[in-house]
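The structure under discussion appears below in the form of structure tokens.
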Amino acid sequence: MKYPPEVLKEIIVNAVIHRDYNISDDILVYVFDNRVEVRSPGSLPGSMTLDNLLQDRFSRNPTIVRLLNKYPDPPNKDIGEGLRTVVAKMAEAKLQSPVFSIEGNYFVVELGHTPLARPHEIVMEYLDSHEEITNSTGRSLTGISSENSMKDVFYALRKAGKIEMVPGKRGNKSAWRKVSSTDIDTSEADISLVQEDAATPPEDGTGQETQPASGTLKSTKKLKARRAVVGPARNRPCSCGSGLKYKRCCGQSSA
């Protein structure tokens with residue numbers, strides 16, 4: 001996880017300056033996989049509440065604040081400016097605002113590493129400057145802790161036609177990349193069914209070339225010319241009315 005340096009500094013400085021020193025306890029800093037928590041002993045001072053935390057100003061330890069302000073480069077900002085700086089820097093880093101709460105005798109600041117953008121947008125933004133992205137990289141960028149949940153993000157982007165798996169990488173080495181803009185979508189391609197054919201057109205019985213019908217493909221097979229039949233066809237019924245075929249009736253005498 002990466003946080004703006006000013007965020008961690010302001011939260012810890014604020015805890016040291018404004019904690020309740022009447023409570024014999026330590027300032028606790030917890031670092032988790034997806035967040036950082038700073039617990040300062042003591043509840044909010046005076047009229048301060050969680051609702052007016054970023055608007056009103058009140059110091060529990062004004063003497064400490066005055067002494068620190070005498071340094072040429074004081075570590076603290078003006079009263080109330082520290083937390084507002086934290087919120088602004090988190091927004092600049094595209095991270096969600098810190099969560100302030102009161103838990104028992106502690107004022108708690110939770111710095112979640114949760115991006116403002118949707119995971120799908122974060123993945124595509126990362127691929128704008130990188131060739132590929134892995135599941136672990138995606139989880140570190142989006143704050144998603146589950147491998148399967150991260151896979152769902154990749155699958156949704158693949159279904160939308162934005163990314164594809166890197167060939168040859170499977171298992172723990174699997175990675176994803178953007179679909180190239182030069183890829184052709186065959187569903188939108190204009191495919192012509194008419195092809196040019198330089199073969200010689202077939203001839204009919206008269207010796208003339210036959211022209212193909214409009215919109216049809218030219219045939220590459222040359223048809224044989226039909227043999228001209230001289231006289232009555234031998235397999236046709238005889239014209240004498242005998243009911244026999246010509247070759248078995250009058251055709252025998254002519255042969």
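Scope of the values below: all heavy atoms of this structure, side chains included, with no hydrogens, waters or symmetry mates.
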Output yes when Lys89 and Glu92 qualify as a salt bridge under the 4.0 Å nitrogen-oxygen rule, no when they do not.
-> yes
Measure from the side-chain N and O atoms of Thr137 to the backbone N and O of Ile133, and report whether any donor-acceptor pair falls under 3.5 Å.
-> no
Check: Pro98 and Val87 side chains under 4.5 Å, non-hydrogen atoms | yes
Kindly work out whether a path of hydrophobic side-chain contacts (I/L/V/M/F/W/Y, heavy atoms less than 4.5 Å apart) joins Val65 to Leu68.
-> yes
Beyond-backbone contact of Lys169 with Glu132, side-chain heavy atoms, under 4.5 angstrom = yes
For a side chain to side chain donor-acceptor pair (under 3.5 Å) with Glu164, tell me which candidate from Lys178, Arg158, Arg177 qualifies.
-> Arg177
Would you please classify the geometry between the Trp176 ring and the Tyr155 ring as parallel, tilted or perpendicular, with 30° and 60° separating the classes?
-> perpendicular
Does any non-hydrogen side-chain atom of Ser101 lie less than 4.5 Å from one of Glu110?
-> no
Considering only heavy atoms from C-beta outward, does the side chain of Leu95 approach that of Tyr3 to under 4.5 Å?
-> yes
Are side-chain heavy atoms of Asn69 and Arg66 found at a separation under 4.5 Å?
-> no
Is Leu111 close to Val86 at the side-chain level, that is, under 4.5 Å between some pair of heavy atoms?
-> yes
Please tell me if the side chains of Leu50 and Leu44 come closer than 4.5 Å, counting only heavy atoms from C-beta onward.
-> yes
Backbone N/O of Asp25 and side chain of Arg19: donor-acceptor pair under 3.5 Å | yes
Any side-chain heavy atom of His18 within less than 4.5 Å of one from Ser40?
-> no
